Amino acid sequence: MNLKVDQKIDEIKTDFAQQLEMARDQGKKVVGCLCSYFPSEIALAAGAITVGLCGTTEGPIEAAEKVLPVDQCPMVKATYGRAINNTCPIFPLTDCIVGETTCDGRKKMYELLGREKPMHIMDLPQKPDEPEAQVHWLAEVKKLKAFLENQLGVVITDTALKEAIRQGNRIRELLKQIHECRKHQPPPIMGLDLVSLSTKMGYNVSRLTYIDQLELVLAELRQRIQNNYYACEPGRPRILWTGLGNSLGCDKVLRMVEECGGVVVCQEGCGGVTRLNDPIDTQKDPLEAIAERYLRVTCSCMTPNNTRLNDIDLLIDEYNIDGVIDLTWQFCHGFNIESYRVKEIVNKKHGLPFLHIVTDYSQSDIGQIRVRVEGFIEQIMAGKDNVYNRSAKSLQNI
Amino acid sequence: MFAGIDIGSITAKCVILNESLITSCAVIPTDSNPKLAGITVFEKALDTIGYSRKNIRRIVGTGYGRISLDFFDQTMTELSCQAKGVRYLDPAIEGIIDIGGQDSKAIKLNRDGTILDFTMNDRCAAGTGRFLDVMARALKIDPETFGKYYQASKKPCFINSTCVVFAESEVISLLASGETRVDIAAGLNESIARRVGLLANRIGLDRNIAFVGGVAKNIGLRIALEKFLGTKFVSISQDPQITAALGASLIAREGYRM
Ligand code: SF4
Ligand code: SF4
């Protein structure tokens, strides 16, 4: 199976819009979603197709800046711009949209986005470890169910919810195993290739075909490892990516890291391995189980968000990481501040190089970022050389 | 012989090295033609000692212009080259502050001289050589006099803006309100020192720091930074502008031995 995706994000979207239109002709409903806290199982149980509407490209930002302040996170601007500038082929095909109260930028932008489509906002508690948070969030999940039933004119049954959970868990499991193939040294796929592939596969009208595709990808990656067919030479610095910037369209830095001689073997964060190892409990009442699981998603909008930091700590060892890159979008205060704690773990606990990059979707800072990225790779390589030299020296001593 | 060529946004530098010594070095303006500047500075350094290109066994390029030329055997970032160059001059150095034309960097070194951590200024020009140039123009003074003014001023103005554009208008309104050029220039120096000093703080540079890059020749800024950081810079035996080129030439020599 060929795992290379040569299409640009816009081409992928256009292809997908065609499939969406066909599905709509057959009476399917489409729910637009915006975040990892969206409990997609509810929409799937309603028989709807879910589609991600986050803006990952620079194009729509200009349109958004006519309304939103310029000093905003590019993701907030691009998401809004994509909805209003009439170039996104997917946005008009949605029947309704669901958002969550994550960061301030999103929350306030949603007030304006809600003018474009029927929109429901879920109130996300931000201290998820408190017992009250669970109660509140469960109520929010129930409201979402009522909203979708009303909007789409369907009844969401427990049986349908259980089936959606089963599929959702299967997808998480397959994605987890796909990511875990990259623990192999060297990995069977480059970071950028996996990002492109996941972005493309993420746009799907049928969960069952999605599952089939994931199974094929997993089989191919395992085959590659068995045949000793790898994506790069051994010894390339193995990078753990965290924060944002790991989806097609806004991948400029990730791309650069691999051009400069690194290989991204793991991404922590939305679109990466985050909480893939965290299935929905199938023994419990489906709505309760869904609510519990989605409240465990880690994002800097939560406090104290320790799970994210613990995950990073574990991933560094599991994936045999040589250095960590944390990418923050400009004006994203949550991830920007949290970066300090990430650095502490990477530097102090693991003694590894850490690079924090703050950027947006434009190309204007490419030169400056390149110095940082190349310097970072050189820093890792020099450290590795020293390790080799040291062990070579100690061998001589024997 | 080995060469290191550092093509920055404002000047291009070249250092030529033999097995044991620096034999030649040259500095010329980049004049927004990094390619030409790289070739010219190399030839200038060669001419000084009457050698030609074929005498050079390896060339390492660094600086923003490193990607513009194809005759380099290898390229490295200024970060690694500064680390190499500065450590060669003084093995006791633990940190580097490098202010160049379009960016400023703080680098922390491991005991073995490799990079432990680094930070750079954000995408804007605050805390860079360009900032000083623009301000010098607004004040109608020569950038070189910044240092003198700093020493002469009794009461440096407090300049808030870190953005070049805003700082420029702040300077103009300070002039209009009757502040002297001397105090404004001194205030600008302090404003950069704060900006760059914070970079250094962020990675924990506190002593044995070398101050390098073209802007390091500004004596006023040097004093202001020392005050901010609470430590005296280590004095190095070479022009602080050529340390990255020196590091590049050292890397060229090491690479040849390998
Ligand atoms: S980073 Fe946070 S706000 Fe953004 S998609 Fe992920 S969970 Fe949602
Ligand atoms: S990157 Fe930060 S500011 Fe931007 S949408 Fe995500 S959480 Fe909000």
Side-chain angles (χ1 to χ4, degrees), chain A residues 70-71 74 237 252-253 256 259-261 323-326 328-331 336-337 339-340 343-344 346-348 350-390 392-393, chain B residues 6-9 34 60-68 74-84 87 96 98 100-128 130 163 199 202-204 244 247-248 251 254-255 258:
Chain A
V70 177
D71 307 0
K252 68 171 182 189
V253 186
M256 196 187 287
E259 278 167 10
C260 294
V324 177
I325 297 184
D326 184 11
T328 303
W329 294 133
Q330 233 179 359
F331 308 111
N336 203 356
I337 295 181
S339 185
Y340 187 81
K343 181 178 166 108
E344 276 178 339
V346 179
N347 281 166
K348 298 218 176 96
H350 293 272
L352 291 176
F354 173 79
L355 180 67
H356 183 209
I357 290 195
V358 181
T359 182
D360 61 11
Y361 294 180
S362 74
Q363 302 290 312
S364 63
D365 55 356
I366 285 281
Q368 282 159 316
I369 292 187
R370 200 172 184 104
V371 177
R372 280 166 228 217
V373 168
E374 270 184 35
F376 183 67
I377 301 286
E378 288 167 6
Q379 180 187 357
I380 295 176
M381 292 308 282
K384 280 189 155 195
D385 277 356
N386 284 350
V387 172
Y388 294 142
N389 288 346
R390 250 176 258 145
K393 261 183 214 143
Chain B
D6 171 12
I7 311 171
S9 62
V60 170
T62 186
Y64 274 95
R66 69 190 179 285
I67 40 177
S68 337
Q74 188 187 351
T75 60
M76 281 295 231
T77 62
E78 307 89 284
L79 294 152
S80 301
C81 292
Q82 288 290 14
K84 249 305 167 263
R87 263 303 178 109
I96 303 169
D98 169 16
Q102 61 179 354
D103 62 25
S104 43
K105 313 179 180 74
I107 309 169
K108 191 173 179 140
L109 300 177
N110 278 310
R111 226 176 304 151
D112 62 3
T114 54
I115 295 172
L116 177 61
D117 203 352
F118 66 87
T119 79
M120 290 170 61
N121 65 308
D122 295 329
R123 59 192 334 172
C124 67
T128 66
R130 178 130 314 148
C163 162
L199 272 188
R202 201 178 305 164
I203 54 165
I251 292 168
E254 267 174 25
M258 259 168 18

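Everything numeric in this text was worked out from a predicted model, so none of it was measured. Chain A is the first sequence line, chain B the second, and so forth, proteins listed ahead of strands; every chain is numbered from 1.
Within the 4.5 angstrom heavy-atom criterion, only side-chain atoms of A/Leu355, from C-beta onward, approach chain B. At a 4.5 Å heavy-atom cutoff, the contact between B/Ile115 and chain A is made by backbone and side-chain atoms alike. At a 4.5 Å heavy-atom cutoff, B/Ile107 makes no contact with chain A through either its backbone or its side chain. Contact annotation for A/Phe354: only backbone heavy atoms (N, CA, C, O) come within less than 4.5 Å of a heavy atom of chain B.
Note on B/Asp112 versus B/Arg87: no salt bridge recorded, every NZ/NE/NH1/NH2 to OD/OE distance being 4.0 Å or above. Note on B/Arg66 versus B/Asp6: no salt bridge recorded, every NZ/NE/NH1/NH2 to OD/OE distance being 4.0 Å or above. Taking a cutoff of 4.0 Å between a charged side-chain nitrogen and a carboxylate oxygen, B/Lys105 and B/Asp98 qualify as a salt bridge.
Between the side chain of A/Asn347 and the main chain of A/Leu352, a donor-acceptor pair closer than 3.5 Å is present.
Counting only heavy atoms from C-beta outward, the side chains of A/Gln330 and A/Thr359 never approach each other to under 4.5 Å.
Ranked by non-hydrogen atom pairs under 4.5 Å with chain A, the options B/Thr119, B/Thr77, B/Leu79 are led by B/Thr77.
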